[in-house]
Visitor: 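Just dropping this structure here.
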There are 2 protein chains.
Amino acid sequence: MVRAKSGPDKRRLILDAAVRVFARQGFHACRVSDIADEAGVAYGLVYHYFASKDEVLDTLFLERWNVMLELIREVDAQPLPVREKLGAITSFIVDSYRHDPDLMKVIIVEVTRAANSFGQTHLGQIREAYELIGEIVTKAQEEGVFKPEIEARFAAMAFYGTIEQLLTGWIFGLRPQGEEHFERAKWLVVETVCGGLETSVVGEASVS
Amino acid sequence: MVRAKSGPDKRRLILDAAVRVFARQGFHACRVSDIADEAGVAYGLVYHYFASKDEVLDTLFLERWNVMLELIREVDAQPLPVREKLGAITSFIVDSYRHDPDLMKVIIVEVTRAANSFGQTHLGQIREAYELIGEIVTKAQEEGVFKPEIEARFAAMAFYGTIEQLLTGWIFGLRPQGEEHFERAKWLVVETVCGGLETSVVGEASVS
DNA sequence: TGGTGTTGACTGACCAGTCAATCTATTTGG
DNA sequence: CCAAATAGATTGACTGGTCAGTCAACACCA
């Protein structure tokens, strides 16, 4: 249990391999042997570390999601303007995708689907994120920076929905990727959600 | 081939049963025999009307998605303010959910979010929706109603992402449902996406 | 020597898709 | 007006292949 010093941590090896395989073939379409092969490990070892194929996916999701929840809590605790708080969260998620697109693909594509069949486990985690973001919005409303007529819960949903759709666009290859796009996307998300699509200036419309 | 007058159209029966079964158990988790049983029809008949289990899902998705694309085209062609155009689209999708939640659940959970299997097959259709909404945004930008600095494609994505997240919330029981909520949601989507979350008035913030 | 890590062949269940037979309705021709 | 012929609709038992999970044995370290 001490798992001591060196040696290629096989458990980690399996998890990382699973990410690649799930991303490439999808959770349902891949076999456990694909994961083992990808990890360069015997079939049975997967079952030494995980109770089932499902548990591998669960682990991947929870590992990452909890890091995100922690980040949101930290951000929320700091005395920053809403735009910066939402910006920090957006930044974290976009950077997560930049750093490991496969993992984010698996989380977004496979877990939402899984929330259907097994595990209210994930639903609880997802709800938690909603609520934390909702609190940030509520505070902004109390400060008078955000409109009171849009419920905080709904606002949180719109914010998260925009980000998730952004990642989905990247995952499906519907949106351009690359350093510059990632950075610009961060600004776009915050600007769209906070400022809206309409021109805020009062002046009349000008046509070319 | 004439399929003439009456008789319970078995093909339709199978499709409707499939919606219920897919919504309840998920596409992968259900058996073709479940669909046949639910439809009160022999196993083999499913294969008389459809080439495969996949084709049943394909059919369900395309049937509905094409109606939506048509609606968007019609709305776009009319000379209405952007808010009303986006409102009409939102309305259509929300009403689709109200009318047949199971079907929308299947479309969103099994197709729209399935980047590997079905999403890939229907990328064209999904992209089409993005582009049509993008055109609406572009026109609004030309009229000076929408900001030019947020790319139309991104705006379309934020809009669609918000709606999809809304339905996802309903599907997984994370958001309250019912007539009043459906109607209010329509307004909220448009107000959030167009007007943004921030208070538009210039005055300073007031603290309680 | 005991415990943890590691192996991979094997099994038991499951299920998509096939197919030959049966049924039902419509058409033909006598 | 009816019988035979034709074509589609409907049935469900069966097959072939797949794959998650098991397990008994072996390797390596303390």
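This one's a predicted model, so the numbers in the text were calculated from it and none came from an experiment. All chains are named by letter (A, B, ...) in the order of the sequence lines, taking the proteins before the strands, and each is independently numbered beginning at 1.
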Visitor: Is there a donor N/O on one and an acceptor N/O on the other, under 3.5 Å, for the side chain of Y49(B) and the base of dA9(D)?
Guide: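 Not at all, since no donor on one side and acceptor on the other fall under 3.5 Å apart.
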
Visitor: Which nucleotide wins on minimum distance to the side chain of Y43(A), given the candidates dG17(C), dG8(C), dA9(D)?
Guide: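 Taking heavy atoms from C-beta onward, the closest nucleotide is dG8(C).
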
Visitor: Would you say the side-chain atoms of K186(B) and T90(B) include a donor-acceptor pair closer than 3.5 Å?
Guide: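 There is no such pair (donor and acceptor under 3.5 Å, judged by atom type) between the side chains of K186(B) and T90(B).
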
Visitor: Counting heavy atoms from C-beta on, name the nucleotide in dG5(C), dA9(D), dA20(D) closest to the side chain of H48(A).
Guide: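 Per side-chain heavy atoms of H48(A), the pick is dG5(C).
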
Visitor: Between R175(B) and T168(B), is there a side-chain donor-acceptor contact under 3.5 Å, judged purely by atom types and distance?
Guide: no

Visitor: Would you say that F159(A) contacts T162(B) through its side chain, given a criterion of any heavy-atom pair below 4.5 Å between the two side chains?
Guide: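 Answer no - side chains too far apart.
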
Visitor: When the distance from CZ of F27(B) to C1' of dC15(C) is rounded to whole Å, what number comes out?
Guide: 13 Å

Visitor: Just the rounded figure in Å: distance from C1' of dG17(C) to CD of E55(B).
Guide: 13 Å

Visitor: Just how far, in rounded Å, is P of dT22(D) from NZ of K53(A)?
Guide: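 Rounded to the whole Å, the gap is 15 Å.
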
Visitor: Could you check whether Q165(B) and Y160(B), counting side-chain N and O atoms only, form a donor-acceptor pair closer than 3.5 Å?
Guide: no

Visitor: Take atom CZ of F50(A) and atom P of dG5(C), then tell me their distance rounded to the nearest Å.
Guide: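 Interatomic distance, CZ of F50(A) to P of dG5(C): 13 Å.
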
Visitor: Between G44(A) and A29(A), which residue's closest nucleotide on DNA chain D lies nearer the 5′ terminus?
Guide: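 Of the two residues, A29(A) wins.
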
Visitor: Does either side chain, that of E55(B) or that of Y49(B), offer a donor lying less than 3.5 Å from an acceptor on the other one?
Guide: no

Visitor: To the nearest angstrom, how far is L45(B) atom CG from dC19(C) atom C1'?
Guide: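 Rounding to the nearest Å, CG of L45(B) and C1' of dC19(C) are 14 Å apart.
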
Visitor: K10(A) NZ to dT4(C) C1': how many Å, rounded?
Guide: 12 Å

Visitor: Could you state the atom-to-atom distance from OH of Y47(A) to P of dG21(D) in whole Å?
Guide: 4 Å

Visitor: Send over the distance from Q25(A) CD to dT18(D) P, rounded to a whole Å.
Guide: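 The distance from CD of Q25(A) to P of dT18(D) comes to 14 Å, rounded to the nearest Å.
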
Visitor: Considering only side-chain heavy atoms of A42(A), which listed nucleotide, dT22(D), dG8(C), dC15(C), is closest?
Guide: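 Taking heavy atoms from C-beta onward, the closest nucleotide is dG8(C).
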
Visitor: Among the nucleotides dT6(C), dA20(D), dT11(D), which one has an atom lying closest to any side-chain atom of V41(B)?
Guide: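 Side chain of V41(B) sits closest to dT11(D).
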
